[in-house]
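Treat the numbers as computed from the prediction; the structure is a model and nothing was measured. Residue numbers start from 1 in every chain, and the chains themselves are labelled A, B, ... in the order their sequence lines are given, proteins ahead of strands.
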Amino acid sequence: MEDYVERVLTAVEAIPPGRVCAYSDIAELLGQGGPRQVGRVMAQYGGAVAWWRVVRADGRPVRGLEESALARLRAENTPLRGDRVDLRLARFTFADHDFDSPRDTR
DNA sequence: AATTTGACGACCG
DNA sequence: TCGGTCGCCAAAT
């Protein structure tokens, strides 16, 4: 259980600056639980890590802390599209060390 | 023990 | 693109 928390935090710490990650991605990485569970863990223990690098699947920052998150993301040069993160460019799935994905540069 | 809630996601219109 | 609905998993009440 606490083990799970530890994993989530580790995963979040693995996200490089200027990049973000979705709750679902972390859940998938851990191969366990769901996005919501990850969200809950973050709500409690997320203060110790770069929580602002974890966003929703639609690119919207954390609920309730959108301002701070947005500011921090900007400070890290994260690709933003208005008040949302541009997931096409910023999404970090823990396995994209190679850029072969047919990512359209719209 | 049952129900509601939450730092969510996918689908549909 | 935006809003509503349903599904999901664990914790809180």
Side chain Thr78(A), main chain Arg74(A), donor-acceptor under 3.5 Å: no
Greater than 12 external heavy atoms within 6.0 Å of Glu67(A)'s CD: no
Straight-line distance of Glu66(A) CD to Asp83(A) CG, nearest 0.5 Å: 7.5 Å
side-chain contact (heavy atoms from CB on, under 4.5 Å) partners of Val55(A), counting only residues at least two apart: Val20(A), Val85(A), Leu87(A)
dA7(B) and dG7(C), which share atom name P, separated by this distance in whole Å: 22 Å
Sugar-phosphate only, base, or nothing, as touched by Ala43(A) at under 4.0 Å among non-hydrogen atoms: base
Start and end of chain A contact along DNA chain B [non-hydrogen atoms, under 4.0 Å]: dG6(B) to dA10(B)
Residues Glu76(A), Arg53(A): salt bridge by 4.0 Å N-O rule: yes
Nucleic acid footprint by protein, nucleotides 6-13 of chain C - heavy-atom cut-off 4.0 Å, B for base, S for sugar-phosphate alone: -BBBBS--
N or O in side chain of Arg60(A) less than 4.0 angstrom from dC2(C) OP1/OP2: no
Reported CG-to-OG distance for the pair Leu73(A) and Ser68(A), which is rounded to 0.5 angstrom: 10.0 Å
Distance (rounded to the nearest 0.5 Å) between Ile26(A) CD1 and Phe92(A) CZ: 11.0 Å
Inter-residue atom distance Asp25(A).CG - Leu30(A).CG, 0.5 Å rounding: 11.0 Å
